[in-house]
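Residue numbering restarts at 1 for every chain, and letters A, B, ... go by the order of the sequence lines.
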2 protein chains.
Amino acid sequence: METRIDRIKKQLHAASYKLTPQREATVRILLDHEEDHLSAEDVYLLVKDIAPEIGLATVYRTLELLTELKIVDKINFGDGVSRYDLRQEGAAHFHHHLVCLECGAVDEIQEDLLEDVEAVVEKRWNFQIKDHRLTFHGICWRCHDSGADKPEKDA
Amino acid sequence: METRIDRIKKQLHAASYKLTPQREATVRILLDHEEDHLSAEDVYLLVKDIAPEIGLATVYRTLELLTELKIVDKINFGDGVSRYDLRQEGAAHFHHHLVCLECGAVDEIQEDLLEDVEAVVEKRWNFQIKDHRLTFHGICWRCHDSGADKPEKDA
DNA sequence: TTATTATTTAGAATCATTCTTAATTAGTAA
DNA sequence: TTACTAATTAAGAATGATTCTAAATAATAA
């Protein structure tokens with residue numbers, strides 16, 4: 001059976017890159033932390049456990065490469081550190097984020113909520129959209145009283 | 001007649017800050033470059049022309065202060081540099097951006113396109129939205145052939 | 001094998017941003 | 001005005017994330 005790693009390997013080969021042990025280890029960490037918005041430093045510390053000889057610069061280079069190939073998305077929540085998220089397989093667009101101003105939690109919205117808005121933008125601003133970034137800042141369900149309900153999982 | 005500067009002065013006083021000459025010079029630069037998405041360094045170089053004795057750290061401090069007071073918005077297009085935009089007077093939310101992957105131009109959408117989407121997010125994810133960031137990446141009207149029309153100005 | 005190219009490591013270098021310290025300025029009360 | 005106090009600033013040092021450099025290593029092709 002073909003695994004996600006296998007498919008990423010093919011993607012790399014198609015672009016004439018190799019899946020070196022360091023790159024594979026990095027990808028494995030990202031797969032194990034799909035929703036964690038890891039920084040390069042975070043990835044580095046985690047990947048060192050399974051590939052101790054790896055260097056920080058290699059992690060940066062790998063993340064950059066994966067970003068170019070649209071396997072991961074590089075995000076910036078304004079704290080001066082870039083974070084890296086594995087893109088949903090086959091997703092055309094980047095998922096959205098909810099950043100809590102109270103506790104700092106970052107939740108994800110996988111569903112694409114922007115289809116209507118994008119139709120308007122393409123038409124009215126005559127702009128061919130390739131991707132988008134959407135982040136909401138506010139108070140998450142954990143931090144405000146009015147209904148301590150965990151939202152339903154992504155529709 | 002009350003100018004924008006006067007109103008900003010009041011806002012500062014209300015929060016018990018002073019509009020020092022350095023701060024005023026910085027605000028003037030921002031007013032003169034409303035759509036330019038200046039970095040702190042850009043602002044510094046421009047402000048030196050009208051207030052030569054100013055230091056870079058002061059520019060940073062001033063921009064940070066103005067950001068806290070929601071007079072300017074700090075944005076990050078992923079190039080490692082923060083940029084600062086004067087917020088439309090009275091606007092509750094930050095405006096959106098169109099970043100051209102071809103020529104690098106950054107256009108603005110002042111209109112709030114997210115009202116419907118936000119209603120969905122507030123309800124379904126049980127999240128109290130305070131602000132948002134929305135950026136589209138793609139090809140601007142200048143760079144793609146199909147209709148070299150400048151879009152109508154913000155509706 | 002040898003030559004060539006891609007990749008990595010380690011640490012130095014860079015660059016944006018923040019911090020520190022001492023000096024300056026403004027505001028206030030006498 | 002003068003003295004006191006707090007806010008603000010300049011200058012440059014310090015920090016921290018990221019990128020670059022040089023030499024070593026691994027993979028690939030001939």
Side-chain angles (χ1 to χ4, degrees), chain A residues 8-29 37-69 71-85, chain B residues 8-29 37-69 71-85:
Chain A
I8 288 174
K9 186 172 184 175
K10 279 188 190 166
Q11 275 188 268
L12 284 170
H13 285 165
S16 51
Y17 294 106
K18 300 166 205 163
L19 184 63
T20 64
Q22 291 90 337
R23 286 174 183 166
E24 179 169 344
T26 303
V27 170
R28 284 191 190 285
I29 293 302
H37 311 94
L38 302 175
S39 67
E41 183 84 32
D42 294 336
V43 173
Y44 174 63
L45 294 175
L46 288 164
V47 83
K48 269 183 95 70
D49 290 340
I50 60 174
E53 72 308 329
I54 202 171
L56 178 56
T58 299
V59 171
Y60 270 103
R61 257 182 281 112
T62 301
L63 291 171
E64 193 191 347
L65 176 60
L66 295 172
T67 302
E68 263 170 37
L69 297 179
I71 293 167
V72 312
D73 282 301
K74 184 175 176 180
I75 23 171
N76 229 294
F77 293 127
D79 58 353
V81 188
S82 292
R83 295 170 187 284
Y84 299 85
D85 271 22
Chain B
I8 288 173
K9 186 170 183 176
K10 280 189 190 166
Q11 275 188 269
L12 284 171
H13 284 165
S16 50
Y17 294 107
K18 300 167 203 161
L19 184 64
T20 64
Q22 291 91 336
R23 286 174 182 166
E24 180 169 343
T26 303
V27 169
R28 285 192 189 283
I29 293 302
H37 310 96
L38 302 175
S39 67
E41 183 83 32
D42 294 337
V43 173
Y44 173 62
L45 293 174
L46 288 164
V47 84
K48 269 182 95 69
D49 289 341
I50 59 174
E53 72 308 332
I54 201 170
L56 179 56
T58 300
V59 171
Y60 270 102
R61 257 181 281 112
T62 300
L63 292 171
E64 193 190 347
L65 175 61
L66 295 172
T67 302
E68 262 168 39
L69 297 179
I71 293 166
V72 313
D73 282 300
K74 184 176 177 181
I75 23 170
N76 227 295
F77 293 128
D79 59 352
V81 188
S82 292
R83 295 169 187 285
Y84 300 84
D85 270 21

So which heavy atom on [X] is nearest to which on [Y], and how close?
X	Y	value
A/Leu69	A/Ala15	CD2-CB, 3.9 Å
B/Val72	B/Tyr84	CG2-CD2, 4.2 Å
B/Ile54	B/Tyr44	O-CE1, 3.5 Å

Query raised in the report: Got a donor-acceptor contact below 3.5 angstrom from the A/Arg83 side chain to the A/Phe77 backbone?
Result: no
For nucleotides 12-19 of chain D, list the nitrogen or oxygen atoms of the protein found under 3.5 Å from its nitrogen or oxygen atoms, one pair per line.
unit_1: D/dT18; atom_1: OP1; unit_2: A/Ser82; atom_2: N; d: 2.9
unit_1: D/dT18; atom_1: OP1; unit_2: A/Ser82; atom_2: OG; d: 3.2
unit_1: D/dT18; atom_1: OP2; unit_2: A/Tyr60; atom_2: OH; d: 2.4
unit_1: D/dT18; atom_1: O5'; unit_2: A/Tyr60; atom_2: OH; d: 3.2

**Report entry** Phosphate OP1/OP2 of D/dT8: any B/Thr20 side-chain N/O under 4.0 Å
**Finding:** no
Query raised in the report: Within the pair B/Arg61 and C/dC19, is there a side-chain N or O less than 4.0 Å away from OP1 or OP2?
Result: no
How many Å lie between [atom1] on [X] and [atom2] on [N], as a whole number?
X	N	atom1	atom2	value
A/Lys48	C/dT8	NZ	C1'	13 Å
B/Gln22	C/dT24	CD	P	14 Å
A/Glu24	D/dA27	CD	P	13 Å
A/Lys18	D/dT25	NZ	P	16 Å
B/Ile75	C/dA16	CD1	P	17 Å
B/Leu63	C/dA16	CG	C1'	13 Å
B/Leu19	C/dA26	CG	C1'	13 Å
A/Ile54	C/dT7	CD1	P	14 Å

**Report entry** Validation row: A/Leu38, A/Ile29 side chains within 4.5 angstrom (heavy atoms)
**Finding:** yes
Query raised in the report: Which nucleotide, C/dT8, D/dA10, D/dA7, lies nearest any side-chain atom of B/Glu53?
Result: D/dA10
Query - Gap between atom CD of B/Glu53 and atom NZ of B/Lys48 - 0.5 Å precision - result: 8.0 Å
Report task. Show your working on side chain to side chain contact (heavy atoms under 4.5 Å, CB included) between A/Val43 and A/Thr62 and close with a plain yes or no. Result -> CA-CA 11 Å; A/Val43 173; A/Thr62 301; over 6 Å; no
